[in-house]
Each structure stands twice: as structure tokens, then as C-alpha cells.
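Throughout, a chain's letter reflects where its sequence line sits, starting with A, and its residues are numbered from 1.
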Amino acid sequence: MTLMQLYQSLRDLYGYRGWWPGETTAEIVIGAILTQNVNWKNVEKAINNLKKNDLLTFEEIHRSPVERIAQLIIPTRYYNQKAMKLKNFADFLHDKYDLSFDQMFARDGATLRKQLLQIKGIGRETADSILLYAGDKLQFVSDAYTARLLGRLGFITEKLDYDELVAFITQQIPQDVDLYKDMHAQIVHFSALVCKAKPLCEGCVFGANCVGFISSTDAHG
DNA sequence: TTCCTGGATC
DNA sequence: GATCCGGGAA
């Protein structure tokens, strides 16, 4: 099986997803920060709280005290840290781009990635999510789901760090923004529903292709 | 109890 | 690489 065959299987299963929930660029960026290590349902609660208080733009976040933001995003678990991360991004956008996403995304992806990674609270996965889904940049997004799935399916046999995994994948697929968006979306969806930490192997489309697969007749994998 | 679309710090 | 952060649903 190739990576594109993996992608096609998931796309056949779920249809095109394209994915990232959020009606505005700011909402996508906010979601990318708030979703760190937290269930997306909790992020939705926090985003609704921000929306009800007209805090879903970085103009408002920039001039709002961090304590007020923290109180609204409590469902995202690390709310004090994440409130500061939102403030840090707002400061960055204000100081470097006059609070304009158009100006920010006018930069090339590689330059912008380096800038985003200098913001305290923005790591590689969050930066890449912002670049791909908020900025339509050709930047593949990897994550713990991707590493787990590719490990179980036998694509990778040794641990790769984040950047190595991104390189491993992008070498084997067409360089296309919409493909990057949908492929990550499919992997996340499948990993959250089926190939979970405790996988639901029954009826899995990959069946015997999975090296982590434990059949009911195999007492101990 | 476990698990959830991480990142910073030491 | 180990630990902190520290809510909510199943």
C-alpha cells in the first residue's frame, strides 16, 4: 500500500472533508492554538464563549486582558497558558503585520513558518496548521495521530521526529494544497473514530494491512 | 478511570 | 526525556 492508496481509502470512506472548522481566518488560528492536546468538543465550547463576548478577532484579543480570555477558554484545559498564547499571537500580528492577516499571509510560507515558531506557544504542528488551513500555504501538517497510524500500518518502523515525518510524507504525495488539507483531515478523523489509542479494529478498512492488528484468534499480538 | 488534533522548560 | 499545565466527556 502507498500513502496515496491510504488516503484514497479514507476518502472513499468519509468523502472529501477539506477541513478545518471555522468561519474566519481568525477563528481557524484560534482553534489551532486552543486544540493543543484537547478534545475538539472542548475547543468548540471555548470558541462559543469567545464568540458570545465578541472576542473572536485578534483586534479584540489584543486589547483584552489575559485574565478575561482565560476565563472564557476554561474548557480547553490549559486555559492560563493558552490565553497567553492567544495574546502572544495577537502581539505578533499587531507588531509585525498591523493586525492584518492579508499582510501576514503575503509572506512566503518558509519565512512565515520561522516567524510563527518564534512565538511562545506556537510549535510546529500549530504553525503548520495555521499555514495550511488559515493561509492556504503548501505546508503539510503532521501530528501524533499521523505518527501512530503510519506506524500501525507499517509505513514507518522507527520513530521520526515531526519534521522528518512531514518530509517522509510529502516526498510520496503530489504537492497540492487541497490534498494536504484533506489528507490530514482524513487521518485525524479516522484516528479519532477508529484507529484510536485503543483501536476499534473490528471492521477496519485496512484489516490485514495493519502490523498492529490483533485478530480475535490471535491471543496475544 | 482514560483519553483528547502540544508546547515550554528543565 | 520527564514533567507541568490542569477541563470535560465517556
Side-chain angles (χ1 to χ4, degrees), chain A residues 6-7 10-11 13-14 17-22 25-50 52 66-92 113-135 137 139-153 158-166 169-170 179-201 212:
Chain A
L6 161 64
Y7 165 69
L10 294 177
R11 178 162 176 164
L13 190 60
Y14 297 125
R17 298 184 67 77
W19 195 59
W20 187 291
T25 303
E27 192 173 335
I28 294 172
V29 172
I30 291 167
I33 291 171
L34 294 185
T35 196
Q36 293 171 1
N37 211 26
V38 167
N39 191 296
W40 182 256
K41 286 184 177 180
N42 293 43
V43 178
E44 288 182 325
K45 286 175 174 289
I47 287 181
N48 281 333
N49 290 341
L50 292 172
K52 278 187 288 187
V66 65
E67 294 83 4
R68 174 168 153 79
I69 299 169
Q71 192 176 15
L72 295 172
I73 63 172
I74 286 177
T76 64
R77 197 175 178 196
Y78 315 116
Y79 46 88
N80 287 318
Q81 287 188 351
K82 287 178 179 174
M84 187 57 67
K85 294 179 184 187
L86 291 176
K87 291 290 289 182
N88 289 342
F89 183 87
D91 289 344
F92 164 80
R113 188 176 200 256
K114 288 177 185 173
Q115 292 184 350
L116 289 172
L117 289 177
Q118 289 175 354
I119 303 171
K120 192 172 294 185
I122 307 294
R124 289 172 295 187
E125 180 179 341
T126 306
D128 290 347
S129 296
I130 291 170
L131 290 168
L132 179 61
Y133 292 105
K137 301 294 187 183
Q139 174 61 56
F140 195 85
V141 180
S142 182
D143 61 356
Y145 280 161
T146 307
R148 187 173 71 197
L149 181 63
L150 267 54
R152 286 176 177 174
L153 292 181
E158 57 186 288
K159 283 192 177 179
L160 304 179
D161 70 28
Y162 181 91
D163 287 330
E164 290 172 337
L165 190 53
V166 169
I169 294 170
T170 52
L179 171 65
Y180 282 18
K181 286 184 178 180
D182 194 46
M183 185 161 172
H184 178 64
Q186 301 288 358
I187 290 172
V188 168
H189 196 234
F190 179 71
S191 298
L193 262 56
V194 180
C195 201
K196 308 194 285 187
K198 286 185 175 180
L200 305 178
C201 298

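- Of the N and O atoms on the side chains of A/Ser142 and A/Glu125, not one donor lies less than 3.5 Å from an acceptor on the other residue.
- One P atom belongs to B/dT9, the other to C/dG6, and the distance between them is 15 Å to the nearest Å.
- In this structure, a donor-acceptor pair under 3.5 Å is present between the side chains of A/Asp182 and A/Gln186.
- The stretch residues 77-84 of chain A touches DNA chain B through A/Arg77, A/Tyr78, A/Gln81, each having a heavy atom within less than 4.0 Å of the strand.
- Heavy-atom nearest nucleotides on DNA chain B were determined for A/Ser191 and for A/Tyr162, and the one closer to the 5' end corresponds to A/Ser191.
- Near DNA chain B, meaning a heavy atom under 4.0 Å from it, residues 121-129 of chain A has A/Gly121, A/Ile122, A/Gly123, A/Arg124, A/Glu125, A/Thr126 in order of number.
- Ring orientation note: the planes of A/His184 and A/Tyr133 are tilted relative to one another, at an angle of 30° to 60°.
- Partners of A/Gln118 by side chain to side chain donor-acceptor pair (under 3.5 Å), not counting sequence neighbours: none found.
- Looking at A/Tyr180 and A/Thr170, their side chains come closer than 4.5 Å, going by heavy atoms from C-beta outward.
- Chain A approaches DNA chain C within less than 4.0 angstrom (heavy atoms of the protein), and the contacting nucleotides run 5' to 3' from C/dC5 to C/dA9.
- Under the 3.5 Å distance criterion, the side-chain polar atoms of A/Glu164 are matched with a main-chain donor or acceptor of A/Asp161.
- No donor-acceptor distance shorter than 3.5 angstrom exists from the side chain of A/Asn42 to the backbone of A/Thr76, with no hydrogens or angles considered.
- A/Tyr14 and A/Phe190 have tilted rings, their planes meeting at an angle from 30° to 60° on a 0 to 90° scale.
- Straight-line distance from the CD1 atom of A/Ile130 to the P atom of B/dG7: 10 Å, rounded to whole Å.
- In terms of position along DNA chain B, the nucleotide closest to A/Ala144 lies nearer the 5' end than the nucleotide closest to the other residue of the pair A/Ala144 and A/Lys120.
- Rounded to a whole Å, the NZ atom of A/Lys87 is 20 Å from the C1' atom of B/dA8.
- Listed candidates were B/dA8, B/dG7, B/dC3. Nearest to the side chain of A/Ala197 is B/dC3.
- In this structure, the side chains of A/Asn49 and A/Ile73 stay at 4.5 Å or more apart for every pair of heavy atoms.
- Taking the side chain to side chain donor-acceptor pair (under 3.5 Å) definition, one finds that A/Arg11 meets it with A/Tyr7, sequence neighbours left out.
- Regarding A/His189, its NE2 atom lies at a distance of 15 Å from the C1' atom of B/dC4, rounded to whole Å.
- At the heavy-atom level, A/Ile119 lies under 4.0 Å from the strands shown only through sugar-phosphate atoms.
- For the residue pair A/Leu34 and A/Lys82, the shortest heavy atom distance occurs at O-NZ, 2.8 Å.
- Contacts between residues 32-48 of chain A and DNA chain C, counted as heavy-atom distances below 4.0 Å, involve A/Asn42, A/Lys45.
- Looking at every heavy atom in both residues, A/Pro199 comes nearest to A/Arg152 through CB-NH1, 3.6 Å.
- Side-chain contact of A/Asp143 with A/Tyr162: a donor-acceptor pair under 3.5 Å is absent, judged by distance alone.
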